Chemist: 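Following this message is one structure expressed as structure tokens.
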Amino acid sequence: MFGFGVVGQGLYDIIKTKNLNLEIKKFVIKNADKKRSLPADLFSTDPEAILSDPEINTVVELIDDAEAAYKLTVRALRSGKNVVSANKKMIANHLEELVDIQHEYGSSLLYEGAVCGSIPIIRNLEEYYDNELLHSVSGIFNGSSNYILSKVFNENQLYTDALKKAQELGFAETDPTLDVGGYDPKFKVCIVASHAYGIYVKPDDVFNIGIDKLGQQDIRFAKEKNFKIKLIPTAKEIDGNKVVLYVLPRLVGKESMLYNVENENNGVLVKAAFADEQFFYGKGAGGHPTGSAVLSDIAALRYGYRYEYKKHLESSALNYSQDYLIKVYLRYTDDQLIEKLNFNEITERYYAADFKYVIGHINLQQIAAHKADLDQEGNFIAEIA
């Protein structure tokens, strides 16, 4: 196992409580001086202690550094070792190459724990929905931002106070940009799209806006309209030949299954042509929930399981696109922003001394082209479903 942090400890806790005929032979860690709860001879700072050991057939990668994780994963797969990873950034950025390596060397990379913690969405997309036409896969994929939004809407906490509490509890990092900026769910939706639609999309090509510019005016507006705000990544098939991906805050009404997904929980909503609408709910983060997903992958490797990427075999007709019309709420300060964005239609407009907003329809391409403007202080945009 590479890494022995929250998820690594959680996985170890689960393994030691069960008779699984499973042995962790070696942990490779970065900090040799850090006090550990296990015997010192189990730990090493040398990656070769794992990568060059012919007796080790499965590598579990649970480190934060995405590029280091990528190099370790490639080495392991090329040496014939199977790999289980929970590193969503590494997988999203390098998935196509990692799939090619698996095919070339006959090894298997599994990563259920990388997307939505304990919720088995990847395996379901691979197996249950393998012959299903999926209209969309969306939901709450990030527990940190959802915890913050829950505190804001349910307990009337200020955004800054809720963020601080999330950091104290370990739900958000010291630099929370990955979560509240919408980058973490963007990595996850890119992975989901590969299994749902058979396309490889680089995260850099996907538009994301987070909740870091959320203001009291937006919260008041949402409450007056009986909405909550949730951070929602979306993968959606449109026009029979295109797939659109994006991450945006969304004004969610009580009729939505996502409305009551609170705190660090995640919820995945799958809309299918034949199975109709289905909902997956569970813990999206934490050592034991994510550790359980990692253990499930380890167990699956025992019977030779590998992702078949079935949708890729039939994906020739699907292409990634940002040409998609959505309805949005936009709070802004500078009237020139409205001119720049070139709304297709504005259905509502409000002016006050400290609060200006519009509601209307706009092409996702237009929003993506002006991301830098939308990221400025005084602006906040959210989709209205």
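Please read these numbers as outputs of a predicted model, since none were measured by experiment. All values below were derived from every heavy atom in this structure, side-chain atoms included, with hydrogens, water molecules and symmetry-related copies excluded.
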Chemist: Is it true that, when you exclude Phe279 itself, more than 12 heavy atoms of the residues, nucleotides or ligands shown sit nearer than 6.0 Å to its CZ?
Modeler: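 Yes, enclosed.
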Chemist: Would you say NZ of Lys89 has more than 12 non-hydrogen atoms from neighbouring residues, nucleotides or ligands within 6.0 angstrom?
Modeler: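 Incorrect, the count does not exceed 12.
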Chemist: Centre of Phe43's six-membered ring, under 6.0 Å away, within 45 degrees of the axis: is that where NZ or CZ of Arg36 sits?
Modeler: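 That pair qualifies as a cation-pi contact.
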Chemist: Within a radius of less than 6.0 Å around NZ of Lys271, do more than 12 heavy atoms belonging to other residues, nucleotides or ligands occur?
Modeler: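 It does not: Lys271 NZ has 12 such atoms or fewer within range.
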Chemist: Below 4.0 angstrom, N of the basic side chain to O of the carboxylate: do Arg123 and Asp297 qualify?
Modeler: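 Yes, this pair counts.
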Chemist: May I ask you to decide if Gly240's main-chain N or O and Glu237's side chain share a donor-acceptor pair within less than 3.5 Å?
Modeler: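 Side chain of Glu237 to backbone of Gly240, a donor-acceptor pair under 3.5 Å: yes, one is there.
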Chemist: If you take all heavy atoms of Lys230 and Val261, which pair is closest and at what distance?
Modeler: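 Smallest heavy-atom distance, with atoms named: NZ-O, 2.7 Å.
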Chemist: Apply side chain to side chain contact (heavy atoms under 4.5 Å, CB included) to Thr17 and list each qualifying residue two or more places apart in sequence or on a separate chain.
Modeler: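 Partners of Thr17 by the side chain to side chain contact (heavy atoms under 4.5 Å, CB included) criterion come out as none, since no residue qualifies.
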Chemist: Should Asp184 and Lys88 count as an ion pair when the cut-off is N to O under 4.0 Å?
Modeler: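 Judged by the 4.0 Å cut-off on N to carboxylate O distance, Asp184 and Lys88 do form a salt bridge.
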Chemist: Return all side-chain donor-acceptor pairs below 3.5 angstrom for residues 374-382, not counting sequence neighbours, or 'none' if the list is empty.
Modeler:
from	atom 1	to	atom 2	distance (Å)
Asp375	OD2	Lys371	NZ	2.9
Gln376	NE2	Ala372	O	3.1
Asn379	ND2	Asp373	O	2.9

Chemist: Does Asn363 reach the main-chain N or O of Gln365 with its side chain, forming a donor-acceptor pair under 3.5 Å?
Modeler: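 Yes: the side chain of Asn363 pairs with the backbone of Gln365.
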Chemist: Would you say that more than 12 heavy atoms from the other residues, nucleotides or ligands in this model lie under 6.0 Å from the NZ of Lys225, or not?
Modeler: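 Open: at most 12 neighbouring heavy atoms sit under 6.0 Å from NZ of Lys225.
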Chemist: Which of parallel (below 30°), tilted (30 to 60°) and perpendicular (above 60°) describes Tyr329 and Phe221?
Modeler: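 Correct class here is parallel.
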Chemist: Which word best sums up how the rings of Tyr357 and Tyr350 line up, parallel for under 30°, tilted for 30 to 60°, or perpendicular for over 60°?
Modeler: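 Parallel, since the angle between the ring planes stays under 30°.
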Chemist: Looking at Asp64, I'd like to know if its CG atom is crowded, meaning that more than 12 non-hydrogen atoms belonging to other residues, nucleotides or ligands lie closer than 6.0 Å.
Modeler: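 For Asp64, atom CG is not crowded (no more than 12 foreign heavy atoms under 6.0 Å).
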Chemist: Which residue pairs satisfy the salt bridge (Lys or Arg N to Asp or Glu O under 4.0 Å) criterion with at least one member in residues 144-169, sequence neighbours excluded?
Modeler: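 Sorted pair list: Lys151-Glu155.
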